[in-house]
Amino acid sequence: METSNASNADKVTSTRHCVYLMGSLFTICFFCASFYWLIERSKSVASERTGGPGNIVECTVFINGTAPIGTTDRDFICATLDWWPPDKCDFGTCSWGKASFLNLDLTNPILLNAIKAFSPLKIRLGGTLQDKVTYERPGEPCPKFVKSSSEMFGFSRGCLPMSRWDELNKFFKQAGAVVLFGLNALSGRTTAADGSAVGAWNSSDAEYLMRYSVDKGYTIHGWELGNELSGSGVGTRIAADQYASDTINLLMIVETIYAGFEVKPLVIAPGGFFDANWLTQFINKTPRSLQVVTHHIYNLGPGSDDHLTDKILNPSHLNGGSQQFRSLQGILKTTGTSAVAWVGEAGGAYSSGHNLVTNAFVFSFWYLDQLGMASSYDTKTYCRQTLIGGNYGLLNTATFVPNPDFYSALLWHRLMGRNVLSTTFFGSNNVRAYAHCAKASKGITLLLINLDGNTTVNVYVSTENVTRNGTLVMHQQNQRTKFSRGSKLDVNTREEYHLTALNGDLHSQTVLLNGNILSVNSSGSIPPLEPIKTSQSDRIIVAPFSIVFAHIANSTVPACEYAD
């Protein structure tokens, strides 16, 4: 009898196993079939496009929320202030005005409100002339920069008055900024026959400025050594082993001066253009001293280039920007350093940018794509050249009024959380897609950038969720025909932020959010950035030459379960 019961039990167990396996196979097959259908549907619809005005393409974006592919700092967005005097000119245009942090009007309400809007905004003080700056000491002269064609970088040596340093720190505290300062790395060196800078760094000026700042109670988030002196350098260069020795010296100085501080400033270097061999040598020699590796990006070429817009709208050109991020992460991993990567300066087009391109709506395509790409390669901070100054400022150099990229940066800062999610876009090569866990909220924020001026893209969003028991679940949004403000929505809604240029002019310096012009009021206040609400089940409609942030609040994925 016991033998018979055992036999029956085995049969029941076997049957259950078969049912379980068949169910699992059905789930897998269903997912594969659905995945294949969506891909083929996207390809099919994309192949039907005519390329004419009013063309509509249906596409699908897959967001893999299993685990983050990178993380950013909470204050990922950073902007720079430079040293350039008003007579700094490029290609016959003098675009800096009084935008240097030596002469910037710190009483301007728009400037204060623009920084406050980020709460906080990282601000990097530095640039080409930082390696020609001394810091004022009592009883010693403090000369201004003077234009001179015979001098490196076209200017004589200059000085930072301590009275101005006091004013800046008072202003930054009021604005809630996170301050990074670029130190003069050429101090004490001589120039060799080959044009390189040789000898050890003379740190006495830097030590003085640090001690002065500590005595005054100024909070500096990081001290960066040098500007564009790595690799082949700009103007001159420093060998990797010497730079490493100087960086170790900087760390020792910071440790000494900030002894007893619970939080010490970061040690940041080299603040230059990417050179794989140079950086590998440098990082290998500073495995425990370097905390942040900064590199600069001007991958669009000179600001005088009349084809900048074509480059910005070319997906192949944008894709080429990923190589630098990928290579740097590879170096960090192979060297075993604990240092993280930042973009310390990025203006896209060097030599002050190009008016009505790098300060106009079209530049948000490049800028937001850079932010998405950099974060997906685990870049922690991205510093835009500039907050104000030149032709690539987030603020207008003369009026302080925000340019379109200011609002793009602010939306990123408020909506895109630290955890970066893998995204795959099907149906169009002209759409850039990036996704993060939402910031200070549940769900996911998706960024969509439409580089096509003739095609409206209707986007289906699919997330792949892995539950605790290992089952793969796919959610697809259903089709809708249109959205409108104030329409009756389902219980589950999605918040969308649509950015477009005024009158569809890519070179406009006026941007529209959901059809409304963004502008400061008479008191200099930054306008609120209000979303439209659509049904969670609806597709996302991305108009030609537009940018969309979509906050999908009820999309729960493991990667965002514990996101902060």
Side-chain angles (χ1 to χ4, degrees), residues 53-59 61 110 114 117 312-313 356 359-369 394-396 401-416 428 430-434 438 445-461 477 479-490 493-522 525-553:
N55 187 43
I56 298 175
V57 173
E58 297 181 14
C59 301
V61 59
I110 301 177
I312 293 167
L313 298 177
L356 300 184
N359 53 10
F361 178 79
V362 69
F363 207 50
S364 281
F365 294 139
W366 176 85
Y367 180 39
L368 286 172
D369 188 66
L394 297 179
L395 306 177
N396 182 284
V401 169
N403 286 322
D405 281 3
F406 173 85
Y407 296 110
S408 295
L410 188 55
L411 281 171
W412 177 288
H413 178 76
R414 292 180 177 178
L415 298 172
M416 304 292 269
S428 173
N430 290 313
V431 176
R432 319 289 286 182
Y434 300 98
T445 301
L446 173 65
L447 168 63
L448 298 166
I449 304 167
N450 188 359
L451 304 175
D452 192 327
N454 294 317
T455 303
T456 296
V457 182
N458 297 336
V459 180
Y460 297 84
V461 180
Q477 295 185 11
Q479 182 173 339
R480 69 184 174 101
T481 55
K482 63 181 180 179
F483 65 80
S484 60
R485 186 185 299 274
S487 60
K488 188 174 181 180
L489 302 174
D490 298 340
T493 61
R494 180 179 62 239
E495 294 180 332
E496 296 179 359
Y497 304 77
H498 294 250
L499 296 175
T500 52
L502 180 65
N503 298 324
D505 179 8
L506 292 182
H507 302 286
S508 173
Q509 293 180 299
T510 300
V511 62
L512 281 63
L513 174 62
N514 299 323
N516 299 306
I517 292 176
L518 292 175
S519 60
V520 297
N521 62 20
S522 58
S525 296
I526 303 301
L529 305 181
E530 300 292 345
I532 57 170
K533 294 186 178 182
T534 68
S535 172
Q536 181 71 21
S537 63
D538 290 347
R539 58 188 174 177
I540 301 171
I541 299 177
V542 188
F545 284 153
S546 75
I547 296 163
V548 179
F549 287 89
H551 176 207
I552 308 169

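Bear in mind the structure is a predicted one, so any value in this text is a computation, not a measurement.
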Peer 1: Would you please test L518 and L529 for side-chain contact (heavy atoms from CB on, under 4.5 Å) and show each step?
Peer 2: CA-CA 8 Å; L518 292 175; L529 305 181; 3.8 Å; yes
Peer 1: Would you check if I540 and L446 make a side-chain contact, meaning some heavy-atom pair closer than 4.5 Å?
Peer 2: yes
Peer 1: Decide yes or no for D505 and F361: does some side-chain heavy atom of the first lie under 4.5 Å from some side-chain heavy atom of the second?
Peer 2: no
Peer 1: Answer yes or no: is there a donor N or O on one side and an acceptor on the other, between the side chain of N450 and the main chain of T455, under 3.5 Å?
Peer 2: yes
Peer 1: Tell me, with the steps shown, if V401 and F406 meet side-chain contact (heavy atoms from CB on, under 4.5 Å).
Peer 2: CA-CA 9 Å; V401 169; F406 173 85; over 6 Å; no
Peer 1: Can you confirm whether S364 sits close enough to L499 that some side-chain heavy atom of one is under 4.5 Å from a side-chain heavy atom of the other?
Peer 2: no
Peer 1: Between CZ of R432 and CG of L448, what distance do you get to the nearest 0.5 Å?
Peer 2: 12.0 Å
Peer 1: Is there a donor-acceptor pair under 3.5 Å between the side chain of H551 and the backbone N or O of E495?
Peer 2: no
Peer 1: With under 30° as parallel and over 60° as perpendicular, where do the rings of F363 and W366 fit, or are they tilted in between?
Peer 2: parallel
Peer 1: With the side chain counted from C-beta on, respond yes when N454 and P544 share a heavy-atom pair under 4.5 Å apart, and no when they do not.
Peer 2: no
Peer 1: State whether the side chain of N514 and the backbone N or O of E530 hold a donor-acceptor pair below 3.5 Å, judged by distance alone.
Peer 2: yes
Peer 1: I want to check something: taking the side chain as every heavy atom from C-beta on, are V520 and I526 in contact at a cut-off of under 4.5 Å?
Peer 2: yes
Peer 1: How long is the straight-line distance from CZ of F545 back to CG of L313, given to the nearest 0.5 Å?
Peer 2: 5.0 Å
Peer 1: Within a strict 4.5 Å, meaning less than it, do heavy atoms of the L394 and N403 side chains meet?
Peer 2: no
Peer 1: Out of N430, V431, I56, I541, which one pairs with V457 under the side-chain contact (heavy atoms from CB on, under 4.5 Å) rule?
Peer 2: V431
Peer 1: Any sub-3.5 Å donor-acceptor pair from T445's side-chain atoms to L415's backbone N or O?
Peer 2: yes
Peer 1: May I ask you to decide if the ring planes of F549 and W412 are parallel, tilted or perpendicular, using 30° and 60° as cut-offs?
Peer 2: perpendicular
Peer 1: Count the heavy atoms of every other residue, nucleotide or ligand shown that sit under 6.0 Å from CG of N521, and state whether that count exceeds 12.
Peer 2: yes
Peer 1: Measuring only between side-chain heavy atoms, which start at C-beta, is I110 closer than 4.5 Å to P402?
Peer 2: yes
